[in-house]
Amino acid sequence: MSTPAPLFAAPDVRREQRPDGAVLLTSADPLAPHPTSVVHSLRQWAQRDPEHVLIGERDGTGGWRTVTYAAAVAAANSIGQGLLERGLGPDRPLLVLSGNSVDHALVAFGAMTAGIPVAPSSVAYSLLSKDHARIKEIVALLNPGAVFAEDSTEFAAALEAIPGPLVIASRGSREGALPLAELLQTEPGEAVEAAFAAVTGDTVAKILFTSGSTGLPKGVINTHRMWAADQQAMRQVWPLLTHQQPVIVDWLPWSHTFGGNHNLGMMVTNGGSLYVDAGRPAPGLFATTVTNIADIKPTIYFNVPAGFALLVPELEANPEFAQAFFSRLRLVFNAAAALPLTLRERLVAVAEKTTGAPVPVTGSWGLTETSPALTNAHFAFDDARCIGVPLPGIELLLIPEDGERYEIRARGPVVTPGYYGRPELAAESFDDEGFYRTGDAVSFADPDDPNQGLLFQGRIVEDFKLTTATFVHVGAVRTNLLSALPVLADAVIAGEGRAFVTALAWLNPAEAAKQLGRAVQAAEHFIHEPDLAKHISAALRALHTGAGSSMRVERVLLMANPADLDAGEITDKGYVNQRKVLGNRRYLVDILYSDPLHHAVITADGGKG
């Protein structure tokens, strides 16, 4: 019996201490040579394993529509030729309104094959928005040569808001729209091959939009070098990728860097298969995810904490599903925010119960501006905040903040050269040495051993002071709260300019129903469940033991409505935008601090309004 390939490479971090207290961290393993672009990898796999499935999605019959590597390259060549013939090019990008799909992938790879940047936008901007303001701003910034909307009827309102660019659609009834089928019938010629030959590492592959704190879209330039280099770095720290072609079932949006760069790029670079999951961690949709996972049986599983909050209870309650999920799984990966420790422990426990062995649960850290991964925890760790060590080719500069915390900055081939059409933003984003200012804070898991990794300490801009002048580190408070209360899906921490710390929180519906023995009833803006309140109050009291005022959450209000992507309350990393939520829901913060106490506010001492 052959020995399985190792999952991880051992960390080997070099640490340079500077006289001013700053610390430079690098990997002792240099970044190895790699293809010019992920599209080059696509072509290589089409020659090496042409009939292997690249991508699949459910068809109208409940089966899977799949496209092989060879078929994908053929489609990309035709689409690329057709786009060039219609005037698209390096300065006339392709805007994509649709969500993840086979056709989305083919159109995107067709554009990139022809050296045309692809700009996937959040579906929420098109389908959930009432005024389509962000789509209008994006179009004004990009001046796209064409817009792909898989169903021109479904996206009719958004398309009406941005008249002008050529519309390409797989289906629908929009007059004048170019059918994708027509593009697929284009005979590839010298134009597309010449354009592909001209692609270099500096060629723009994608423009990914991130709103930041202002809410205005910023088009982050992602070059082919950034994407390809990041995937090569991952291959070096995850040897399993070079020994087994991975298979994933994934819902994470391609308009965000986690799903669109990290996950999709990993499949293409390593000859893997991505099955598009039409489900997601939301009421009424997660059952689709369960069905898809059981059918495909992934080898690696990616998700964010909200997804694991629904997955773990399902694994615990459904042994048959757990057996399918773990049957060939090598690795579980969490990103966007720390996975609460209790949830991680339960995931490991259900894996051991199902298979007799624990499943490694790991994660990393990065940004849209870094394609995305800068660090990876390719080793065993216990602290849920661990984001790992720098990837090969990455330089991390840690600038002392306060106590044991550092501001983290990054430099290397995966870092963006700037923002599309807004050069002034790049000037603000880099320091004098060319390091990108991430705005995130970290500390060392072990100050004496950098190989034990870094701990994420939150966004620096989120931290605040109480009226007592006590400084509150939001990331640490939030992690402690969520780890102690699995019934909470997420939370934002309030208290700036106040006397004590409070939290606005969202329930994990599955965990809350389990706790209550029934479904949760919600009012218009908040949830008031006395039995649940007792449970949360007891947890708050336990958290207070030995904690100072900066770590003590005194009050919690359960919100009925979760963070809203269209309102800018969810960042491109899938992380809740703390300040945006607090600003949008100021009236709920006022309820937290009302006197007399509002009846829906949960306190550590069990007080009632």
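Hydrogens, waters and symmetry mates are skipped; everything else that's a heavy atom, side chains included, is used. Model, not experiment: these values are computed from the prediction.
For Asp446, the CG atom sits in a packed shell: over 12 heavy atoms of surrounding residues, nucleotides or ligands are nearer than 6.0 Å.
Using a 4.5 Å heavy-atom threshold, the side chains of Glu433 and Arg411 count as touching. Side-chain contact between Leu142 and Phe209 is present, with at least one heavy-atom pair separated by less than 4.5 Å. Within the 4.5 Å cutoff, the side chain of Arg225 has heavy atoms near those of the Asp202 side chain. In this structure the side chain of Leu454 reaches within 4.5 angstrom of the side chain of Leu398, judged on heavy atoms. Side-chain contact between Leu455 and Cys386 is present, with at least one heavy-atom pair separated by less than 4.5 Å. Under the 4.5 Å side-chain criterion, counting only non-hydrogen atoms from C-beta, Gln44 is in contact with Pro35. Using a 4.5 Å heavy-atom cutoff, the side chains of His473 and Ser550 are not in contact. A heavy-atom distance below 4.5 Å is not found between the side chains of Tyr301 and Val359.
Lys206 pairs in a side-chain hydrogen bond (donor to acceptor under 3.5 Å, both in side chains) with only one of the listed residues (Asn261, Asn222, Thr223, Thr257), which is Asn261. Here the options are Trp254, Phe333, Trp227, the test is ring-ring contact (aromatic ring centres under 6.0 Å, His included), and the partner is His262; only Phe333 passes.
Judged by the 6.0 Å and 45° rule, Arg15 forms a cation-pi pair with Phe444.
Using a 3.5 Å distance cut-off with no hydrogens or angles, the side chains of Glu369 and Tyr419 do pair a donor with an acceptor. Side-chain N/O atoms of Glu404 and Ser443 include no donor and acceptor closer than 3.5 Å.
Rounding to the nearest 0.5 Å gives a distance of 10.5 Å between CD1 of Ile138 and CD1 of Ile207. Expressed to the nearest 0.5 Å, how far CZ of Arg409 lies from CD of Glu395 amounts to 14.0 Å. In this structure, CG on Asp440 lies 7.5 Å from CD1 on Ile387, to the nearest 0.5 angstrom. To the nearest 0.5 angstrom, Tyr420 atom OH is 7.5 Å from Asn143 atom CG. Atom CG in Leu252 sits 8.0 Å away from atom CG in Asn100 (nearest 0.5 Å). Distance CE/Met551 to OG1/Thr470: 13.0 Å, rounded to 0.5 Å.
Electrostatic pairing of Arg18 and Asp20 does not count as a salt bridge here, judged by no charged N lying under 4.0 Å from a carboxylate O. Under the 4.0 Å criterion applied to side-chain N and carboxylate O atoms, Glu137 and Arg422 are not assigned as salt-bridge partners.
When atom types are taken as modelled, the side chain of Thr342 and the backbone of Ser483 share a donor-acceptor pair closer than 3.5 angstrom. In this structure a side-chain-to-backbone donor-acceptor pair under 3.5 Å is present from Thr362 to Ala377. Judged by distance alone, with hydrogens and angles left aside, the side-chain atoms of Ser371 form a donor-acceptor pair with the main-chain N or O of Met226 at under 3.5 Å. Checking side-chain atoms of Thr269 against main-chain N and O of Met266 turns up no donor-acceptor pair under 3.5 Å.
For Trp45 and His52, the ring centers are positioned 6.0 Å apart or more.
Screening residues 229-243 for salt bridge (Lys or Arg N to Asp or Glu O under 4.0 Å), with sequence neighbours left out, gives no hits.
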